[in-house]
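Report on one structure; see the data block that follows.
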Amino acid sequence: MTADRAALLDSFRRAFGRPAQLVAEAPGRVNLIGEHTDYNEGHVLPLAVDRTVAVAAAPREGGVRAIALDCGEEDAFPPDGVMPASGGGWRNYVRGVAWALGEAGCRPRGLDLAFTGDVPAGAGLSSSAALEVALAAAFAAASDLSLDRRELALLAQRAENGFVGVQCGIMDQLAAVFGQEDHALLIDCRSLEIEPLPLPLEERGAAIVVVDSAVRRSLSDSAYNERRRECGEAAAALGAPALRDVSAETLEARRSELPEALYRRARHVATEEARVAAAAGALRRGDLEALGRLLYESHQSLRDDFEVSCPETDLLVALAAGVEGVLGARLTGAGFGGCTVNLLRQEAAAAFQRQVVDAYRERTGLPAQMHLVRAAGGLRVGDA
Ligand code: GLA
């Protein structure tokens, strides 16, 4: 557990005047490669990271009472007929999961719950999916609902799609549920099959570093939904069930059938699918140099074809490329600001801090943060 379990249980007891009965804990994730492919039913290659959100809970008669310990805020709502909270934010993740359970025909019980975590919020490490997955597990366990792990991931996604209003794919939730220590997960987002691939970082003297650009686009949710819509339109125009089914060759042959913007969106997805397959091959061979080159190529495609980068994340990648010992870098997550993922040799870490993070802060005035992450295990649920 990376969230502070003893402090969580103590806070729960003080807030509700009784002990918690169970704890559900889920990690954040970083995506190595396979960006904006999940909702096109393609492949992704994320890893769960060693930062988690932990939810302590105990069933009660009546409604749900929730406390976000890290910001000291509270919420209360009836488990039936859940309505969105006016302020939005974390409350709608809690309410959204209760709502999604109801939509799935499961009646959640009333619950006292408190949560804490060390996944930096809004930093592109999917703290929201970690919270939703941990909440889904807590609600299910407290209500004696037997949902399997895949169903928990789908339920968390449903909360995000149907209640929070972000039309996200399934990558973040599956990574939070199924993460494995020292492995990345090759996920087929159509069949939901998962193949864990060894990530030989330590033994190869390598590291993965996430840099938060500190750029937040207020319109990021609507821009994300717009990309998703464009992909759907491109697939429909080509008569394909999803863009995953359109290879780069087919796309070139039928280029004239698509408006230029949709063609470029589809080209990103087709070439990214090929890069994910190549990256999986590189991992199977333990070839981190090849993996790094694919990260740079993915960034170019996200910048030029999918157009989800911004000058700040482009700058972070350019600065990283200038550091001796950096193998690859790219925008990771939804984009429109957010984070980069960087693959580097361990001995390059100090130079990376200076030449990327410090230099970026000087050039932009933005408080970039760097997080060294390790591939960690997924969802855990147990007695308090
Ligand atoms: C966000 C979404 C994911 C995925 C990525 C882009 O993280 O939650 O489902 O679409 O963006 O790859």
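What you see is a predicted model, and the numbers here were worked out from it, not measured in a lab. What's counted below: heavy atoms across the whole structure, side chains too, no hydrogens, waters or symmetry copies. For ligands, and for the atoms within them, numbers begin at 1 and follow the listed sequence.
- For the pair E289 and R293, the salt-bridge criterion is not met [side-chain N within less than 4.0 Å of a carboxylate O].
- Closer than 4.0 angstrom to ligand 1 by heavy atom are R29, E35, H36, D38, Y39, C168, G169, M171, D172, Y224, G333, A334, sorted by chain and number.
- Between H36 and Y224, the ring planes lie tilted relative to each other; the angle falls in the 30° to 60° range.
- Applying the ring pair (Phe, Tyr, Trp, His ring centres under 6.0 Å) rule to Y263 yields no partners; only residues at least two apart in sequence or on another chain are considered.
- Salt bridge absent: R265 and E233 never bring a charged side-chain N and a carboxylate O closer than 4.0 Å.
- Each ring-ring contact (aromatic ring centres under 6.0 Å, His included) pair with one or both residues in residues 99-149, not counting sequence neighbours, appears once here: W90-F115, W99-F163.
- For the ring-ring contact (aromatic ring centres under 6.0 Å, His included) condition, no pair includes a residue of residues 364-384, sequence neighbours left out.
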